[in-house]
Amino acid sequence: MSYDDLGLTHQLMDRAKNHLSRVSPYGYTPEKSAGIAYIVVFAVLALVHIGLGIRYKYWLVFVTLIPGTFLEVIGWAGRLWSAYNVLRVTPFLMQIASLIIGPAFYSAWAYTILGYCITQLGHAYSLLRPRMYLAVFVTADVISLVVQAIGGGQAAVAAQNGTDTDKATKIMLAGILFQLGTMAIFVALASDFIIRVVFRKPYSHLKRKYHNDPTPNGEPKSSEGNASPPPQALPDDMGGTVRTDEVKRGERLLAGVAFASAMIFVRGIYRSIELAQGWSGYLITHEPYFIYLDGLPMVLCLVAFAVAHPGWLLPRRRGWLRA
């Protein structure tokens, strides 16, 4: 056997070792138009949220929505790259990692907004205080991110080596299911809050508690009025018309949170089923499902967060310090 034959043999062996170099890892060739459209839309929405965050002094935007949207842009850029060279492994792995992790940052903003709603409409309607939502659910989001990152890293290594990705896929699925379960609990608590606000049914024990202690966080009011205000969603006890406009704005903010959370939940269900079917399953090998059940819900989520932004609907903030 000549040196040329040996070189060709080694090339073929290396090519066979990485199964992703022989066939499309997607099961199809991603559409260029979808990649371009989503990159542009997510980039524009990122600029919108940067502008809103700066104008209304919501620094949490820069550690929630902006990183999440950056990951969406990177993920769709990877898919666009694949549209030009579908056999390359790098863009495939890039879009897997980015688009799996990105929505977790949107969930964190939803938790924050619900906290604003509770402060605006009344602590007596909520089982948890605003800070507890951040502490509990953001911690759960971090856990899900770590699990998904571990699974994504192992899947990348396995894919590049041409070995079985089943174990890594199950780890990624576990991370998504954990995130989905966390979101389900959040949706249940948020729904309870929404129903009680709409029907003006505060928890009796919390109503008595905050009636006796008008500062829910147990902090005295400062001369600047920076402590949490008294419950404002007890209109029946306050004459019914004292804060009507503010209550309505708070309810619109709450409606935005509900819609955005529903979009995150829909996307989580789709991703869970997709990964459960495996890398050769029906959903993962048909791009329209990904375009409309992953990309579109995240776009609608960001639009809802922009339309129902606390900057539009809550009193103007004086500084950056308070979350």
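Note that the structure is predicted; figures quoted are calculated from it, not measured.
- Note: Leu293 CG to Glu274 CD = 9.5 Å, rounded to the nearest 0.5 Å.
- Side-chain contact between Phe186 and Val136 is absent, with no heavy atoms from C-beta onward closer than 4.5 Å.
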Legend entry - Residue pair Arg129, Ile118: steps toward the side-chain contact (heavy atoms from CB on, under 4.5 Å) verdict: CA-CA 8 Å; Arg129 293 181 180 182; Ile118 293 170; over 6 Å; no
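- Ring-plane geometry between Phe290 and Trp76 is classed as tilted, the angle between the planes lying from 30 to 60 degrees on a 0 to 90 degree scale.
- Taking 4.0 Å as the cut-off between side-chain N and carboxylate O, Glu287 and Arg79 count as a salt-bridged pair.
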Inset, instruction - Would you please test Ile50 and Ile66 for side-chain contact (heavy atoms from CB on, under 4.5 Å) and show each step? - result: CA-CA 7 Å; Ile50 288 172; Ile66 302 308; 3.4 Å; yes
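- Grouping the Ile, Leu, Val, Met, Phe, Trp and Tyr side chains by contacts below 4.5 angstrom, directly or via other members, places Leu47 apart from Tyr38.
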Legend entry - Steps toward ring pair (Phe, Tyr, Trp, His ring centres under 6.0 Å) verdict (His309, Phe305): CA-CA 6 Å; His309 193 278; Phe305 282 144; 9.1 Å; no
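- Checked against the 6.0 Å centroid threshold, Phe62 and Trp109 do not count as a close aromatic pair.
- No side-chain heavy atom of Ile176 sits less than 4.5 Å from a side-chain heavy atom of Ser144.
- When all heavy atoms of Ser261 and Val187 are compared, the closest pair comes out as CB-CG2, 4.4 Å.
- Using a 4.5 Å cut-off between side-chain heavy atoms of Ile, Leu, Val, Met, Phe, Trp and Tyr, Trp81 falls into a hydrophobic cluster with Phe70, Ile74, Met94.
- Between the side chains of Thr112 and Tyr133, no donor-acceptor pair is found at a separation under 3.5 Å.
- A 4.5 Å side-chain heavy-atom check between Leu80 and Pro30 finds every atom pair outside the cut-off.
- Electrostatic pairing of Glu251 and Arg196 does not count as a salt bridge here, judged by no charged N lying under 4.0 Å from a carboxylate O.
- Taking the six-membered ring where the residue is Trp, the centroids of Phe92 and Tyr26 are separated by under 6.0 Å.
- Contact annotation: the side chain of Met172 never approaches that of Ile150 to less than 4.5 Å [non-hydrogen atoms, C-beta and beyond].
- Here the CG atom belonging to Leu93 is positioned 11.0 Å from the CZ atom belonging to Arg88, to the nearest 0.5 angstrom.
- The side-chain heavy atoms of Arg271 and Pro103, taken from C-beta on, include no pair separated by under 4.5 Å.
- Taking both residues in full, the closest heavy atoms of Gln277 and Leu283 are given as OE1-N, 3.0 Å, listed atom of the first, atom of the second, then distance.
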Inset, instruction - Could you go through the side-chain hydrogen bond (donor to acceptor under 3.5 Å, both in side chains) check for Asp192 and Tyr203 one step at a time? - result: CA-CA 11 Å; Asp192 174 71; Tyr203 284 99; 2.7 Å; yes
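- Residue Glu31 comes nearest to Ala83 through the heavy atom pair C-CB, 4.4 Å, listed as atom of the first residue, atom of the second, then distance.
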Legend entry - Worked check of side-chain contact (heavy atoms from CB on, under 4.5 Å) between His123 and Thr119: CA-CA 6 Å; His123 295 72; Thr119 300; 4.2 Å; yes
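- Here the CD atom belonging to Gln148 is positioned 12.5 Å from the CD1 atom belonging to Ile96, to the nearest 0.5 angstrom.
- Looking at heavy atoms from C-beta onward, Leu296 lies out of side-chain contact with Ile291 at the 4.5 angstrom threshold.
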Legend entry - Check against side-chain contact (heavy atoms from CB on, under 4.5 Å), Leu87 and Asn85: CA-CA 6 Å; Leu87 297 183; Asn85 192 341; 4.2 Å; yes
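- Taking CG from Leu189 and OG from Ser126, the interatomic distance works out to 7.0 Å, rounded to the nearest 0.5 Å.
- Nearest approach of Gly295 to Phe42, heavy atoms of both residues: O-CZ, 3.9 Å.
- With rounding to the nearest 0.5 angstrom, the OH atom of Tyr28 is 9.0 Å from the OG atom of Ser82.
- Here the two rings, on Phe137 and Tyr111, have centers that are under 6.0 Å apart.
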Inset, instruction - Show your working on ring pair (Phe, Tyr, Trp, His ring centres under 6.0 Å) between Tyr58 and Trp312 and close with a plain yes or no. - result: CA-CA 12 Å; Tyr58 283 91; Trp312 309 118; over 10 Å; no
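- Annotation: side chain of Phe193 is in contact with side chain of Leu114 (closest heavy-atom distance under 4.5 Å).
- Taking CG from Leu45 and SG from Cys301, the interatomic distance works out to 10.0 Å, rounded to the nearest 0.5 Å.
- Across all their heavy atoms, Arg267 and Ile100 have their closest contact at NH2-O, 3.3 Å.
- Nearest heavy-atom pair, Ala306 versus His49, reported as atom, atom and distance to 0.1 Å: N-CE1, 3.5 Å.
- In this structure the side chain of Leu99 never reaches within 4.5 angstrom of the side chain of Leu71, judged on heavy atoms.
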